[in-house]
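Every chain is numbered from 1, with letters handed out A, B, ... down the list of sequences. Computation of the quantities below employed the complete heavy-atom set of this structure, encompassing side-chain atoms and omitting hydrogens, waters and symmetry-equivalent molecules.
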There are 2 protein chains.
Amino acid sequence: MNRKKIDASHVFHALGDPTRRAIVERLSERPYSVSGLATPLNISLTAVAQHLQVLEESGLAHSEKTGRVRTCRLNAAGLSVLEKWIRDRRSLWVRRLDRLGDALAESDEE
Amino acid sequence: MNRKKIDASHVFHALGDPTRRAIVERLSERPYSVSGLATPLNISLTAVAQHLQVLEESGLAHSEKTGRVRTCRLNAAGLSVLEKWIRDRRSLWVRRLDRLGDALAESDEE
DNA sequence: CATTTACCGAAGTGACCACTTCAGTATTGC
DNA sequence: GCAATACTGAAGTGGTCACTTCGGTAAATG
């Protein structure tokens, strides 16, 4: 029902916002409550909750409510989409950039 | 002088758009002219040029004009920003995700 | 030289985004 | 019970985004 499609667009879009990247970086260390995440950020609690929703929909985070506190954690799904996209392109990049490197070395040394 | 700031926000934002990701994927294979990039996309040439500008500003592509043709290529700068961000967080993710085996099993879908 | 090709620039548009405020609901602690 | 806490939902706002059209410039081509 609330399971949105997790794809590269969602993940990249979610990480395009510095506030959301900050949240992900915090969650990399340990779980946080919504207000715990909000504390160092100069925005409203509601805004943080909205960011969290984006992160959840992109598969980068998930959360569950116990009592009145919602505990937020990192989620592997979004991260793996991100890493997969990069991995899928990496060999092509390397091949291409090797040729670029050759061209650079030819025209100008570093 | 016209060196714009290449940061994670720009790179993630640039890759958040499916059309721009498609362009990056094409450029992974070989250089293209602007109209060459536009051909398989159902949008105007102008729109493609605008996408290209975003990719250039985020450090993911660069281009140069020879005669009337602008040749576009992948650029390493944006890619390295992206990979660096992921690498910087990866160890934390792994440590965290080790403790979250349950969450993984819970959200296993492709 | 005229036409076609390839791109550039400005301006407009509708949709979406980050964020706000305000008014709720549930839970916890005194 | 009452107040403080922790969120939740709806609605609004200003800004940005992807895209368009139109009009222009410059290079290749017959």
Contact check, side chains of A:Leu60 and A:Leu82, non-hydrogen atoms, under 4.5 Å: no
Between C:dT20 (P) and A:Ile43 (CD1): distance, integer Å: 6 Å
Rounded distance (Å) that lies between atom C1' of C:dC7 and atom CD of B:Glu56: 13 Å
Check against side-chain contact (heavy atoms from CB on, under 4.5 Å), A:His10 and A:Val81: CA-CA 10 Å; A:His10 286 110; A:Val81 167; over 6 Å; no
Straight-line distance of A:Glu56 CD to A:Ser63 OG, nearest 0.5 Å: 3.5 Å
B:Leu79 with A:Trp85, same ILVMFWY side-chain cluster at under 4.5 Å: yes
N or O in side chain of B:Ser44 less than 4.0 angstrom from D:dC19 OP1/OP2: no
Sugar-phosphate, base or nothing in reach of A:Ala49, heavy atoms under 4.0 Å: nothing
B:Ser35 side chain, from C-beta outward: closest of D:dC19, C:dC7, D:dC7: C:dC7
Gap between atoms OH and C1', on A:Tyr32 and D:dC7 respectively (whole Å): 19 Å
N or O in side chain of A:His51 less than 4.0 angstrom from C:dT20 OP1/OP2: no
A:Thr46 side chain near C:dC19 phosphate (N/O to OP1/OP2, under 4.0 Å): no
Run the side-chain donor-acceptor check on residues 38-51 of chain B: report pairs under 3.5 Å with partners two or more places apart or on a different chain.
residue : atom : partner : partner atom : Å
B:Thr39 : OG1  : B:Ser35 : O            : 2.8
B:Ser44 : OG   : B:Ala47 : N            : 3.1
B:His51 : ND1  : B:Arg20 : NH1          : 3.1

A:His13 NE2 to D:dC17 C1', straight-line distance once rounded to whole Å: 10 Å
Distance, rounded to the nearest Å, where A:Arg70 contributes CZ and D:dT5 contributes C1': 16 Å
Length of the CZ-C1' vector between B:Arg20 and D:dC19, whole Å: 12 Å
Value in whole Å for how far the P atom of D:dT25 lies from CG of B:Leu45: 18 Å
Any A:Arg68 side-chain nitrogen or oxygen under 4.0 Å from OP1 or OP2 of D:dT8: no
Pair of N/O donor and acceptor under 3.5 Å linking D:dT8 base with A:Gln53 side chain: no
Pairwise 5' ranking along DNA chain C for A:Gly67 and A:Asp17, keeping only the more 5' one: A:Asp17
Whole angstrom value for the distance that separates C1' of C:dA18 from CG of A:Leu37: 17 Å
side-chain N/O A:Lys65 vs D:dT8 OP1/OP2, d < 4.0 Å: yes
Check: A:Gln50 side chain, D:dT8 base, donor-acceptor under 3.5 Å: no
